[in-house]
Each structure stands twice: as structure tokens, then as C-alpha cells.
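Read the structure below first, then the notes.
Protein chains get the first letters and strands the later ones, always in sequence-line order, with residue 1 at the start of each.
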Amino acid sequence: MALDATQVDQKALFDWLCRMGDNALILGHRTSEWCGHGPVLEEDIALANTALDLIGHTQMWLGLAGEVEGAGRTADNLAYLRDAMQFRNVKLVELPNGDIGQTIMREFLFDAFHFEMLTALVASADARVAEIAAKALKEVAYQFDRSSDLVVRLGDGTAESHDRMQAALEHFWPYTGEMFVADAVDEAMAQAGIAPALSEIESRWDTLVSETLAEATLVCPERRADVHTGGKQGRHTEHLGYILAEMQFLQRAYPGAEW
Amino acid sequence: MALDATQVDQKALFDWLCRMGDNALILGHRTSEWCGHGPVLEEDIALANTALDLIGHTQMWLGLAGEVEGAGRTADNLAYLRDAMQFRNVKLVELPNGDIGQTIMREFLFDAFHFEMLTALVASADARVAEIAAKALKEVAYQFDRSSDLVVRLGDGTAESHDRMQAALEHFWPYTGEMFVADAVDEAMAQAGIAPALSEIESRWDTLVSETLAEATLVCPERRADVHTGGKQGRHTEHLGYILAEMQFLQRAYPGAEW
Amino acid sequence: PEELAAFQARIDRGERIEPKEWMPEGYRKTLIRQIGQHAHSEIVGQLPEGNWVTRAPTLERKAILLAKVQDEAGHGLYLYSACETLGVSRDELFEKLHSGAMKYSSIFNYPTLTWADMGAVGWLVDGAAIMNQVPLQRTSYGPYARAMIRICKEESFHQRQGYSVMMKMAQGTEAQKAMAQDALNRFWYPALMMFGPSDAESVHSEQNMAWKIKINSNDELRQRFVNETVPQAHYLGLTVPDENLKFNEETGNWDFSQPDWTEFFEVLKGNGPCNEERLGARRKAWDDGEWFRDGLSAYAEKSAARRAAVAAE
Amino acid sequence: PEELAAFQARIDRGERIEPKEWMPEGYRKTLIRQIGQHAHSEIVGQLPEGNWVTRAPTLERKAILLAKVQDEAGHGLYLYSACETLGVSRDELFEKLHSGAMKYSSIFNYPTLTWADMGAVGWLVDGAAIMNQVPLQRTSYGPYARAMIRICKEESFHQRQGYSVMMKMAQGTEAQKAMAQDALNRFWYPALMMFGPSDAESVHSEQNMAWKIKINSNDELRQRFVNETVPQAHYLGLTVPDENLKFNEETGNWDFSQPDWTEFFEVLKGNGPCNEERLGARRKAWDDGEWFRDGLSAYAEKSAARRAAVAAE
């Protein structure tokens, strides 16, 4: 990663920044749905904290996306005034929370990716990207520690907690591949040294995830991981539309108001 | 009901028409959430049919409300562009569906009111109201037959179905009183002969409901029925906001578009 | 064998086979599979459209969509009834759907992502369904043929409604046009898949054609669909997502690209975008409804017993 | 009785009572009830605000709200810990909350209906809470007093944020102003109720004051709250929903109408707008979380056993 980042197609960079921001926004939204409904008080606190961190990352990534686009859109404009077709998050983060075990498993699978991604982005050829990554990395490293620790404890807990975590893993597995399927945008970013090649991240993710799963006495599914793709290009699941209807209501119902 | 309906305060009439329309709209919306998820095929059909009838009534009541208001708002404008504070339905109809037993119990409790109300409105001093009531009554009579029949069959079915129906009855009971608590709007309508006195409807409702419940081997709760009021004046439960966010999304996100 | 020849002769003469009449076991089984799958498709097909019922943009559109979904459930009802005349109960058929032993049309494993999809589903999916179903009005099994006559009438109404949604979107704002084009892009190939792979690959086709359970070849129907649909797309001002699409002056047909059959088989295997969700939703509806069905049965038994007791007095 | 006198003397001298020291059973019980109820209020208090987290209108507002709800859970944590020093476990306290044996503040049985309620809750509800809590920083029980110091600092931050939401709404569009006024209309009297009925009606007040578990009278605190809040409402351009509100030149206080105490007691009895929902949500969270808590315990036991086995080698 040391090529000329200024030569990169700004449209592609905008798209890529939206991917980073939308992943954080939508996972943050899902996490925030737990507010007050967690299984123990410590978990209520931790989930709110995770959501809070992710919303903070969203502000940075979408803020930069707006700058790069140069059309005057703010992070809030991008978060609240795009419809589903314009969202660029992977499908994994928009799936419903399910029980707390599913919520933690999904977070773990995404955190492992997020952690490796940000670790690589700290060395981005684009200084603005590197700066955001450095800020976010500390929090995401903590999130990964927490979610992987919980996966281990629940996987190796009771028979019931083990089975629920195994089922959660099977459920989300076919959605994990999308994180690593590179398209023209990802390739342009890698070429410009802005972001790492996704194949690199994938192999590190494999290692991280399989170590944790082994410790958790969980079995890696044999099913294809790349069944559910398209979110990065704006083709989502049916769930995203409902998230946006709720999330964007006030901005849509009271256009131009300040809050 | 033979006074001069033309003398009535048009603002009160508008409000009252919104109550009729919003009850139909919101109950229709809740019913439509069952689409494709019913417990038997016949029920899928019946629920869709009920929702369809209620949406039809909504168009008539809100259409007339818009005329009476005289500000150029259509039924769609009223349905899709008011926020929760402007909605006038009773809280009973906006509560979540729960299981199919709860859905049917709520429908039954409302249908009994709706049926008696429309029966009286056929003789309204306002010919437009009488006309809508006559059209809607046929369908609502059918709905009441259906829901009361199901209440009887499930109440007097298995121990489980009995207990579920009894629990559903207890759950909704404190919301039933609101239908009969008359305020200035209701009184103005009664005075003008546009609508019946709610006390009359209440005593007929009592008879209808208690007969059915007895046949269903269900016990009328002793709890106060009028605990949850305010919906008719625009003070709703927390549930209505979520309904509207979903229902109004397209109209809010694409202002002015035609569909 | 004699019976078999007589049976075939009846079919060849264009006679209808009725429930209590003799029929070969293979004929019965194939019909159960085909009608059952069709019934299941109607039921599962409620879900992608049901997904937009609560978000329909106007009261009228909401009413039209509700009526349509209601019709689909009704079609399910006729078809299960037709199937029951072949000696298999609706509950048995449901069990096979829920266990995965019986399939439903793969098209319903695709998500509905924007309101334009309500147009695309009506226009393309119902359009393809009609293309499949119209010939089946002349199928040899009486109850099936009669169900088809009724269904086709309603389906063509649905298709027109779908086309009208699409028209509004295609003639609407830029955002609406984009949704309409996107819906066409997503549903075009899955709609082509609805006719099934080329008949060359199908082992049963020949026998089914002889029995008049199948009337036309898959490729024939697919071509007919393309020929009918392409001008409609052009009229809407939309672009069919196929670079090879071209009118062939010689044949009078539109030449087109085959869909990705690998995707088709993956979806059949359960790897489509919504397989788990659709089947999950139906299983959940069924399981959650158990106490409801049991309650109604218990009441029916009690009532019968009460009537019997009264009659005995 | 000697012990009792010595205990009272310590309190009168302004000493702090610490966990392992002797205390009268009544003192302990009253503290458990009071701190426990306060802890429960923090936990249940997450729900009305949690209701708007997914609909917060900007990313910044969403972050602020999340941080606030997180703080409330944190306050719950301190307070349960303080309670545990009195010999009752967090799980026991939860059980009493879920069974209805212990209460939480009635204010959380009111719904949050618009975004302005996020302002009103912060401004009025946290405002009233602070008014109650500031004197409790000087309460006689050490762990409680220290928890209060920490909590008050954060609460006053929350109150300012709430006021800032209210300010934006009150200075916003007509629709926003209407929401702000409506929120004040709905929360004014319930906020006044937060101080409890007039002390004349309370049997325990005197003893609690002697023990410095209670520092000021309910009426005194309520008056202080009104005096502080009315000018803020005026500054916002909002109307306090009380026709009798008037500045009394003689006393220097704002005279005001009492809330409807019948409503207060109805809400206490369970007939408030959200009692069932709030308690139902907490019970569900607890029941749904059982397998999670059991899983973590089982892992902890296994790990301990493994460590013991390693140590034994």
C-alpha cells in the first residue's frame, strides 16, 4: 500500500467509504435495538457501548464520504436520506438480531473482519482513511475481544448455550463470504493502496475465527459462505427497508427541520 | 337523531370522521400484517379480506373527512402525511397483534363496537355519513359474525385455546373503555344527530360481548375497562409511531411522487 | 396394460379424467407433485408481496395488493382441493412442503426490495405463470383443468395490475424510474427460469406430454414469454438486461440469453437469497397455528357430541 | 436501645455508616427498599428512552441518547452494588422487581410519544430526579451517598442535554414547537408526582429524616423543582399546563396546582399507561437471558475446575 491515492476514482472511493460507514451504521442500529432488553445489566451496558462506538465510526466514514463526493452531503444526509438501493453495507449486518447468542455471533463474525480491516487501513495511502482507522481500531479491538470471549464462554458453557451458538453460527455463515468478495470498487481501492486486498483480510479472518471457534468447541460449517452477496452493490435483504423506515422517519417526515 | 346536522362544528365533524377512518386504517394495517402467516389457509384468506374491507372503509371516512375539512387533503394525504399526534383512533386497534388468538379477540371486541356504531349511523342526520355506514355495515356484520364465532370456538375448544383466549381478553379489556368515553366531539356529534350517544352503544356492546363470552366459556374481567384512554385525542401508545414509520415510508421518502 | 391403452385413448380423444376413474399410478403421482407444487407456490407466493402490504404507498394500492394476496391464498385452496381428489390430504401436502420433500416455485426465493417489485412480480412473475398455466386449462385431469380456468382469469387481472404499477414507476420521478429498471434487472432472469431448464434435459417430459399433463415444451413457453414481454418493456421505456436480445426477422422471435442455470440449481438446492426465510416463515405459521387448529377441532367434536346427545334424547 | 442511641448520635454528628457496622434493622430495610427502588428505576428507565434510540433524528442525537441510556444502566450497577452491601443480592432484587414486590419510579409508566419526549424526559424527569438526589449525597449510609455523588454528576449532564433537545424543538418548526408543548403538557404533572405525595400523608418520613435517609420533605423539593423549572419553560417559550401557576411575591415561590393524586395511586396500582409493557419487557429480558447467564456460569465453573486440576498436578 504505497501507490498514489490521489489518482483513485472518486466515485469508487465514495462507494467504498459508504461501505465502511454503512456497515457501522447498520450494525450500530441493530445493536442499539437491544437498549434495555439485555440478559444481564453488564450486557446492557456493553451493547449500548458497542452501538455508541459504531455510530461514532459512522460519523467519521460518512463524513469523509460526503467530502469526497463533494456535493455538500453531510454524514447525516447520507445516513438519513438514502433509500435501501443506495446503501452499501454487507447483508450480514442488517439481519435481525435474533436471540442474544445470535447477536453476539454476528458481532463476532463481523468484528473479526472489522478488526483486520482497520488494522490494515491504519497504513492506508490515504491519510484521512488512516486517521479514521486508527481512531476506530482501538474500539473495535475491544469489541472483538469482548465478542470472541463471549463466543468461547457460551460455546463451551451449557449444552443449551453450545447448541444455540452452533445454530447461530450456521445461520450467519452463508453471509460471511460477502465481506471478502472483491468487486471493481475493492480492487480500485487495493490498487491505489487505500485499502488492503480482501483476499489478505480473508485469510487473517479465517485464522482468527477458526481459533476462536475451536476454543469455543464450535464446528465451522461446511456450507458455502458466499451464498448471500450483493449488499455492497446495493442489493440487500428484505430487512433493510424496515430498518430505514424506522431510522429515517423523523428526517423524512420533517424535511429540513433541525434537531 | 333528527336535529340539524348542518349546524355542527365542522372541526368537530372532521375530528370525528378521522376517528372512524383511523380506527379502520390502523386495525386494517394490523390485520394486514398477517398476510401469508395465518394458522390455516382459510384464515389467511379471511384476514386479508378483513383488512381489505377496513381499508375500503378508510377511503370513505377519510375521503369525507378531507371534504369536510375543505383544505384539499385527500384520504391518502390524511393517511400518509399525518404524524401520531394527529391520529384519532382508539388505542385498542394499534396494539400489536400478538398470537392469532389475541388478534381475533381484539377484532371481536372492536367489531362488536363497530357493528353497533354503524348500525346506529345508518340513521345519521348527515346523509353522507349514513351512506358510508350502510356500505360498511354489511361487511362489518360479517366480520363480527366471524370473529365472535371464532371466539366461541376457541374459548370452548381445548384447555390451551381457552386459556389463551381468556388471557387475550384480560390483555385487551382495559383498552375497551376508551371506545365509550365521550368527549366534546362525541357530544357534538350526538347533539347534531350525526352519531349516537356512546352510552347507548356501550350498553348494546355489553350485551353483545357478554353473550358471546358466556357461550365461549370465558369470564369477563373485573379490571377497569377505561384504564387506557387518550387515543381519540391523539395521545397514543408507543406502538403507533412504529406503525406509521412503516406505513408512511414511501410517501415520506418520495414526496409528491405518484404511485 | 389394456387399461393403460384405454386410458391413453381417452386422453387422445380429448376426454377429461375425473377423480374416481381409473388412472395409472404414475399419472396420479405426477399430478400430485405438479398440482401440489403449484399450490405450495401460491401459498409461499403470498410472502414476497405480503412484504410490501404494510408499506403500500396509497390506500388504493394497498387494497389492490391485499386483494391479490387474498386471491393467491384462494388459488392455493382450489389447488389443494384438486390435489385431494387424488387421495392426498392438504395436511400431508403441507408436511411435505415443510420438510422440503416438495418444492415451490424458485422465483419466490428472490426478495422484494422496492415498491417497483410489486410491479415486476405482477408483470413478469404472473406473466410467466400465466404463460405456463393457460395451456393447462386443457390438461387431461378434470379438477386441475377447471381450477386452472378459474385461476387464469384472476392471474391475468393481476398481471395487468402489475403492469400498471410498473407503468406508474417507469413514468414517475427519476428515483421511481431507477427502481423500475432495477426491478426488471433483478426479476428478468429469474422469470425466464420459471419455465424450467430446456426440455432436452428433462426425463419426464415426453410421458407428461402424452398424458396431457404438460402441453408445451419449456423452451417454447419461454420464447413465447420473451416475445410478449420485450415489447412491453420497450413500451415502458425500460431496458431488458440482456445484451444479446435481438429481434430475429427470420424466425419472428426475439433471440435472448439463457439465464444462469447454475444459479437456478443453487436456488433449488436451498442457496437462494430467501429460501430459509420463506420456508421458515411458513413453518413458523404452521407451528404457531397448531393450538388454533386443535382448538377448532376440539370444538367441532364437542359440538357434534352435543348434537348427538340432543338427538338421542 | 443503647446501640440505637449510639447509632443515632453518630448520624447526628454527621458520620457515615459503613457496610459492616451495626445498624438497626429498620434502617437496613428502609435503605434496601429505597436504594433498590432507585436501582430498578434506572433499569426500567432505559425503556422509555430506548424507545427512540432507533429513531433518533441525527447521528449525534443518537450517540447522545445511547450514552445516556448506557449511563442509566451504569447507575443501576452502582446502586445494586450499594444495595448488596446491605446483604441482598442483585438477583434477589430483580426477582422482587419482576414479581411486583418492589416498585420503580412511576414516571416510567408514561409513554414517550414524540422526539420531544427525549427533551422532556431529560429536562423534567432527570431534573426532578436530581432535585431528589442532590441532598442524598449527604445521606448517612456511606455507599449510598458515594453512589449519589457519582450519579448526580452524570444526571445533571443529562438534564442539560434534555434541555438542549427541548430548546431545538421549541425554536424549531411549528410542528416541532407543537411537539415540545405537547411533551411538556404530558410530563409536567407526572414530574411533580415524582416527589411523592405530601409528607403529611407519609408515615415513615419522620424516622427517615432522623436517620438522614431522607433529607428534605417532599413538598419542599417539589416547590424547589417548580421554582427552578418554570423560568426555564418561559425561556423556551412554552406554557406550563397549569392555570393556577403564579409567582407569589410574598413567599418568593411559584404557586402551582397539585397533580392528580388519584392518577398517581392508579399508576402505582398498575393502571398506568405502560405498567404492563415496562414490567413485561423487563421480565422478558430476564427470562430470555436465562440460558445466557447459565452458559456463562457453567463456563466459569468449568474454567475454575480446569485451573484447579492444573494446580493439583
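Ranked by heavy-atom pairs shorter than 4.5 Å toward chain C, the options A159(B), G36(B), A75(B) are led by G36(B). When the candidates T158(B), T74(B), D99(B) are compared by the number of heavy-atom contacts under 4.5 Å with chain C, T158(B) comes out ahead. Heavy-atom pairs under 4.5 Å with chain C were tallied for R30(B), Q248(B), E160(B), M165(B); the largest tally goes to E160(B). Interface check for chain B: of the options E301(C), Q171(C), R293(C), E72(C), the most heavy-atom pairs under 4.5 Å are formed by R293(C).
Of all heavy-atom pairs between H37(B) and A285(C), the closest is O-CB, 3.4 Å. Between G295(C) and S161(B), the closest heavy-atom pair is CA-OG, 3.8 Å. Nearest heavy-atom pair across L41(B) and G76(C) is CD2-C, 4.0 Å. Residues L77(C) and E42(B) approach most closely at CD1-OE2, 3.6 Å, considering heavy atoms.
Side-chain atoms of E246(B) and T54(C) include a donor-acceptor pair closer than 3.5 Å.
At a 4.5 Å heavy-atom cutoff, the contact between L25(B) and chain C is made by side-chain atoms alone. Contact annotation for T58(C): both backbone and side-chain heavy atoms come within less than 4.5 Å of a heavy atom of chain B. Heavy-atom distances place both the backbone and the side chain of R55(C) under 4.5 Å from chain B. In this structure, chain B has no heavy atom under 4.5 Å from any part of D288(C). When heavy atoms are compared at a cutoff of 4.5 Å, V69(C) approaches chain B solely by way of its side chain, counted from C-beta outward. With a threshold of 4.5 angstrom between heavy atoms, D156(B) approaches chain C through its backbone and through its side chain. For I43(C), the part lying under 4.5 angstrom from a heavy atom of chain B is the side chain only. In this structure, chain B has no heavy atom under 4.5 Å from any part of M118(C). For E60(C), the parts sitting under 4.5 Å from any heavy atom of chain B are the backbone and the side chain alike. Of the atoms belonging to Y80(B), it is side-chain heavy atoms, and not backbone ones, that fall under 4.5 Å from chain C.
Proximity to chain C at a heavy-atom threshold of 4.5 Å picks out I55(B), T58(B), Q59(B) from residues 55-71 of chain B, in numerical order.
Proximity of a side-chain donor or acceptor of D76(B) to a complementary backbone N or O of L59(C) within less than 3.5 Å is detected. Q176(C) places a side-chain N or O within 3.5 Å of a backbone atom of E258(B) that can act as its donor or acceptor partner.
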